[in-house]
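This chain uses plain numbering: 1 for the first residue, then up along the sequence.
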Amino acid sequence: MRIHSTLAASARSQTEADPEAWESTYRQMVLYDLAADIELGFFLAYYRNFAVPSIATTLQRNGEIMERPMKRSYDTAIVTYELITSGLNSDRGRHMIRLLNHTHRHVPGSQDDFLYVLLTLLVVPIRWARTHAWRAPTPAEETAATRFYRELGASMNIAGFPTTLQEAEKFFDGYESDNITYSPAGAQLMASTVQVLKSRLPGPASPLAKPMLSAMFDDDHLTDALDLPRANTITKTALATALKARNTIARRRRLSTEPHFIPGMAGSTLYPNGYRLDDIGPENIMSPASQPNQRHS
């Protein structure tokens, strides 16, 4: 297997990374080595929340995704990448953590619900990269990713974060086994946000958005819960063939010297001229009065 020398060198460095350099190790994986696949993993993690009825009902009640699906999708990605790129303890990172804590202050849900949402950002991208990237994440990268989200969870007062990725995966799988099922709220959220994916595809490919998502999930129980068509052999084979061809090319290319994300820079139709930190965040923020079963005077 031919691998460009710059990719091989970075992979060695990531394998031998100092455990205390967890933030820079995770940043290197997300912004350079496995950038495309981690982004796809984040993308799939975002949708996964809709398959949990309690979470979907809260998101639907808030209205932000239904009314502004593109902004919610892009802003969620920007917050994640800002934290990774700038660092949790940087000025920009602290701004994003304050935003997360402010917007989630009155969001109903159990500690397990909040922990699951955070774990989707850890488990889903790692699993996607293990299976589909040009190389699997190194043990050091997986440990660094786990530490990153454990520290983020602590800053958001999310208790019980697993200490290892294996423990995180065990909780994640158990939570999904107990909670994933179809709900009208989840189906509506999925129908609203899939339009964002369709808008990013060339016109002729737009009808393939749902089958493509189902093939990427490769989980009938999950796609049923999201009201997506089940993946068939044709779509699974097409996806596998496309990824294999992509990885063959990727292994022969020099490692990019440009990061996958640059804070504040343009990179979307929503913020064509770039964005300020204050541009990011929902317009609808849940308050005590928006809680179900609240009595109003």
Margin query: Please report the interatomic distance OG1(Thr80) to OH(Tyr46), rounded to the nearest 0.5 Å.
Written below: 10.5 Å
Item checked: Worked check of side-chain contact (heavy atoms from CB on, under 4.5 Å) between Arg68 and Leu270 -> CA-CA 11 Å; Arg68 286 169 287 276; Leu270 186 64; over 6 Å; no
Notebook entry, point to check: With a 4.5 Å heavy-atom cut-off, do Leu222 and Arg48 have their side chains touching?
Noted result: yes
Checklist line | Neighbour count >12 (heavy atoms, 6.0 Å) for atom NE2, His4 | finding: yes
Note to self: Quick check on the hydrophobic clustering: are Met96 and Val107 connected, directly or via other members, by side-chain heavy-atom contacts under 4.5 Å?
What the structure shows: yes
Notebook entry, point to check: For the ring pair Phe42 and Tyr81, is the centre-to-centre distance below 6.0 Å?
Noted result: yes
Check: Distance from Arg147 atom CZ to Leu165 atom CG, nearest 0.5 Å?
Finding: 15.0 Å
Next item on the list: Using distance alone, with no hydrogens and no angle criterion, decide if Glu167 and Thr163 have a side-chain donor and acceptor under 3.5 Å apart.
Entry: yes
Note to self: For Glu141 and Arg135: C-alpha separation, side-chain torsions, deciding distance, then whether salt bridge (Lys or Arg N to Asp or Glu O under 4.0 Å) applies.
What the structure shows: CA-CA 12 Å; Glu141 287 172 333; Arg135 69 162 173 84; 2.9 Å; yes
Item checked: Gap separating the OG1 atom of Thr120 from the CG atom of Leu115, nearest 0.5 angstrom -> 10.0 Å
Check: Quick one: are Phe172 and Val124 in side-chain contact, heavy atoms under 4.5 Å?
Finding: yes
Next item on the list: Locate the shortest heavy-atom distance separating Asp75 from Gly281; write the atom from each residue and the value.
Entry: OD2-N, 3.0 Å
Note to self: Please say yes or no: joined through hydrophobic side-chain contacts below 4.5 Å, possibly via intermediate residues, are Trp134 and Leu255 part of one cluster?
What the structure shows: yes
Notebook entry, point to check: Taking Thr235 for the side chain and Asn232 for the main chain, is one N or O donor matched with an acceptor at less than 3.5 Å?
Noted result: yes
Checklist line | Point-to-point distance, once rounded to the nearest 0.5 Å, from CG of Leu31 to OG of Ser24 | finding: 11.5 Å
Next item on the list: Answer yes if the ring centres of Tyr26 and Tyr149 are under 6.0 angstrom apart, and no otherwise.
Entry: yes
Notebook entry, point to check: Are any non-hydrogen side-chain atoms of Arg150 and Trp22 less than 4.5 angstrom apart?
Noted result: no
Next item on the list: For the residue pair Thr181 and Pro53, establish whether any side-chain heavy-atom pair is separated by less than 4.5 Å.
Entry: yes
Notebook entry, point to check: Are the charged groups of Arg127 and Glu169 less than 4.0 angstrom apart, N to O?
Noted result: yes
Note to self: To the closest 0.5 Å, what do you measure between CG (Asp218) and CZ (Arg230)?
What the structure shows: 12.0 Å
Next item on the list: Locate the shortest heavy-atom distance separating Gln111 from Ala159; write the atom from each residue and the value.
Entry: OE1-N, 2.8 Å
Next item on the list: Measure from the side-chain N and O atoms of Thr193 to the backbone N and O of Pro69, and report whether any donor-acceptor pair falls under 3.5 Å.
Entry: no
Notebook entry, point to check: Taking the side chain from Trp128 and the backbone from Met216, do they hold a donor-acceptor pair closer than 3.5 Å?
Noted result: no
Next item on the list: Indicate yes or no: at least one non-hydrogen side-chain atom of Leu152 is less than 4.5 angstrom from one of Phe161.
Entry: no
Next item on the list: Identify the heavy atoms of Gly93 and Leu83 that sit nearest to each other, and give their distance.
Entry: O-CD2, 3.5 Å
Note to self: For Asp279, I'd like to know if atom CG has over 12 heavy atoms of other residues, nucleotides or ligands within 6.0 Å.
What the structure shows: yes
Margin query: Could you check whether any side-chain N or O of Ser13 sits under 3.5 Å from a backbone N or O of Ala9, counting only pairs where one atom can act as donor and the other as acceptor?
Written below: no
Next item on the list: Check whether any side-chain N or O of Ser86 sits under 3.5 Å from a backbone N or O of Arg92 as a donor-acceptor pair, and report yes or no.
Entry: no
Next item on the list: Group every Ile, Leu, Val, Met, Phe, Trp and Tyr by side-chain heavy-atom contacts under 4.5 Å, then state whether Leu59 and Val194 land in the same group.
Entry: yes
Note to self: Using modelled atom types and a 3.5 Å cut-off, is there a donor and acceptor pairing between side-chain atoms of Ser90 and backbone atoms of Gly87?
What the structure shows: yes
Checklist line | Same cluster (ILVMFWY, side-chain, under 4.5 Å), Tyr116 and Met156 | finding: yes
Check: Got a sec: does the CE of Met265 have more than 12 other heavy atoms crowding it under 6.0 Å?
Finding: no
Notebook entry, point to check: Looking only at atom types and distance, does a side-chain atom of Thr146 sit under 3.5 Å from a main-chain N or O of Glu142, one as donor and one as acceptor?
Noted result: yes
Check: Is there side-chain contact between Phe50 and Ile65, with heavy atoms separated by less than 4.5 Å?
Finding: yes
Checklist line | Option passing side chain to side chain donor-acceptor pair (under 3.5 Å) with Asp37 (candidates His132, Arg130, Arg246) | finding: Arg246
Check: Has Lys71 got more than 12 heavy atoms of other residues, nucleotides or ligands less than 6.0 Å from its NZ?
Finding: yes
Check: How far apart are the closest heavy atoms of Arg2 and Arg252, and which atoms are they?
Finding: O-CG, 4.1 Å
Check: Which value, rounded to the nearest 0.5 Å, describes the distance between Thr85 atom OG1 and Ile78 atom CD1?
Finding: 11.0 Å
Note to self: Before you tell me yes or no, could you show the steps for Glu23 and Phe148 under side-chain contact (heavy atoms from CB on, under 4.5 Å), namely the whole-Å CA-CA distance, both residues' side-chain angles and the distance that decides it to 0.1 Å?
What the structure shows: CA-CA 6 Å; Glu23 206 160 17; Phe148 180 89; 4.1 Å; yes
Note to self: Regarding Asp33 and Gln14, do their side chains bring together a donor and an acceptor under 3.5 Å, going by distance alone?
What the structure shows: no
Notebook entry, point to check: Does the pair Arg72 and Glu64 meet the rule for a salt bridge (Lys or Arg N to Asp or Glu O under 4.0 Å), with working shown?
Noted result: CA-CA 7 Å; Arg72 178 58 181 262; Glu64 192 71 23; 6.0 Å; no
Checklist line | Least distance between heavy atoms, Ala129 atom then Leu34 atom | finding: CB-CD1, 4.4 Å
Margin query: Can you confirm whether Leu189 sits close enough to Tyr47 that some side-chain heavy atom of one is under 4.5 Å from a side-chain heavy atom of the other?
Written below: no
Notebook entry, point to check: What heavy-atom pair brings Pro229 and Thr223 nearest, and what distance separates the two atoms?
Noted result: O-CB, 4.2 Å
Margin query: Quick check: do Arg94 and Leu88 have side-chain heavy atoms less than 4.5 Å from each other?
Written below: no
Next item on the list: May I ask whether Leu40 and Leu208 are part of the same hydrophobic cluster, defined by side-chain heavy atoms of I, L, V, M, F, W, Y residues being less than 4.5 angstrom apart, directly or through others?
Entry: no
Notebook entry, point to check: Would you find a donor on one side and an acceptor on the other, under 3.5 Å apart, between the side chain of Asn101 and the backbone of Ser155?
Noted result: yes
Check: Regarding Asp113 and Tyr175, is there a side-chain donor-to-acceptor distance under 3.5 Å anywhere?
Finding: yes
